[in-house]
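Inspection log for the structure reproduced underneath, given as structure tokens.
All residue numbers refer to positions in the sequence shown, counting from 1.
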Amino acid sequence: MTATTTDVASSPALDFIAKTVAENPVVLFMKGVPDQPRCGFSSITVQILDHLGVSFVGVDVLQDDELRQGVKTFTDWPTIPQLYVKGEFVGGSDIVREMFQSGELKTLLAEQGLIEA
């Protein structure tokens, strides 16, 4: 059985995404892994998270086509990487970078108790 837009609940990829986001305070769906990002946007996002000192789980979407498409369907967001904090979708690389530059990202992570203010 294949998942369609009206039948997304049966998708193993979407179930995996929902479970991963629910079980980990900070999740980055990215191309590559945190130690070896495989695109510039993923690399920038990892550098920002590392700079802020937040622990996060990196999920390599390049390992599985269904996962790569599923993460886009899950948020209705067309690009990767995608950052989640406490189950909420924060945004992609551009949004994360803008939030970092304005101080919003540090504030969000501190308010969630994930880093020191």
Side-chain angles (χ1 to χ4, degrees):
M1 183 170 167
T2 57
T4 64
T5 51
T6 57
D7 187 28
V8 291
S10 67
S11 165
L14 293 176
D15 292 345
F16 170 79
I17 294 162
K19 185 175 193 287
T20 302
V21 167
E23 292 178 352
N24 299 282
V26 183
V27 180
L28 181 64
F29 290 94
M30 60 182 289
K31 293 179 180 175
V33 294
D35 290 341
Q36 288 189 304
R38 291 179 54 194
C39 86
F41 297 110
S42 292
S43 179
I44 288 166
T45 308
V46 167
Q47 288 174 31
I48 289 169
L49 295 173
D50 285 347
H51 178 79
L52 292 172
V54 66
S55 295
F56 68 97
V57 172
V59 179
D60 183 2
V61 301
L62 295 177
Q63 298 303 313
D64 184 303
D65 280 340
E66 190 178 337
L67 178 60
R68 184 165 60 237
Q69 290 310 312
V71 78
K72 295 174 185 180
T73 302
F74 190 77
T75 53
D76 197 25
W77 190 261
T79 59
I80 295 165
Q82 294 186 9
L83 179 66
Y84 291 80
V85 174
K86 294 276 179 111
E88 295 294 319
F89 176 59
V90 175
S93 179
D94 291 346
I95 291 170
V96 170
R97 187 174 65 242
E98 289 167 14
M99 288 179 70
F100 171 69
Q101 290 169 340
S102 72
E104 261 185 281
L105 186 60
K106 183 176 183 179
T107 300
L108 170 69
L109 294 169
E111 286 172 350
Q112 295 293 330
L114 299 167
I115 60 170
E116 294 296 317

Restricting to non-hydrogen atoms, name the atom on [X] and the atom on [Y] that form the minimum distance, rounded to 0.1 Å.
{"X": "V46", "Y": "P34", "result": "CG1-O, 3.6 Å"}
{"X": "M30", "Y": "S42", "result": "CB-OG, 3.5 Å"}
{"X": "I95", "Y": "V90", "result": "CG2-O, 3.7 Å"}

**Request:** Verify side chain to side chain contact (heavy atoms under 4.5 Å, CB included) between F56 and D50, making sure each step is shown before the conclusion.
**Result:** CA-CA 9 Å; F56 68 97; D50 285 347; 3.5 Å; yes
[atom1]-[atom2] distance between [X] and [Y], expressed to the nearest 0.5 angstrom:
{"X": "F74", "Y": "F16", "atom1": "CZ", "atom2": "CZ", "result": "11.5 Å"}
{"X": "K72", "Y": "I17", "atom1": "NZ", "atom2": "CD1", "result": "11.5 Å"}
{"X": "L114", "Y": "K86", "atom1": "CG", "atom2": "NZ", "result": "5.0 Å"}
{"X": "K31", "Y": "T79", "atom1": "NZ", "atom2": "OG1", "result": "8.5 Å"}
{"X": "E66", "Y": "L14", "atom1": "CD", "atom2": "CG", "result": "7.5 Å"}
{"X": "I80", "Y": "Q69", "atom1": "CD1", "atom2": "CD", "result": "7.5 Å"}

Are [Y] and [X] co-members of a hydrophobic cluster defined by side-chain heavy atoms under 4.5 Å apart?
{"X": "L52", "Y": "F41", "result": "no"}
{"X": "V33", "Y": "L62", "result": "no"}
{"X": "F29", "Y": "L108", "result": "yes"}
{"X": "I115", "Y": "V57", "result": "yes"}

What I'd like to find out is whether the side chain of [X] reaches to under 4.5 Å of the side chain of [Y], using heavy atoms alone.
{"X": "T75", "Y": "Y84", "result": "yes"}
{"X": "L109", "Y": "K106", "result": "no"}
{"X": "V96", "Y": "L28", "result": "no"}
{"X": "I48", "Y": "M99", "result": "no"}

**Asked** Between L49 and L83, is a side chain to side chain contact (heavy atoms under 4.5 Å, CB included) present by the stated rule, with each step listed?
**Response** CA-CA 10 Å; L49 295 173; L83 179 66; 3.9 Å; yes
So, [X] side chain and [Y] main chain: donor-acceptor pair closer than 3.5 Å or not?
{"X": "D64", "Y": "L67", "value": "yes"}
{"X": "S43", "Y": "P37", "value": "no"}
{"X": "Q82", "Y": "W77", "value": "yes"}

Are there more than 12 heavy atoms of other residues, nucleotides or ligands under 6.0 Å from atom [atom1] of [X]?
{"X": "E23", "atom1": "CD", "answer": "yes"}
{"X": "Q112", "atom1": "CD", "answer": "yes"}
{"X": "F100", "atom1": "CZ", "answer": "yes"}

**Item:** With sequence neighbours excluded, residues passing salt bridge (Lys or Arg N to Asp or Glu O under 4.0 Å) with R68
**Value:** D65
**Prompt:** Taking atom types as modelled, is there a side-chain donor on T107 or E111 under 3.5 Å from an acceptor on the other?
**Reply:** no
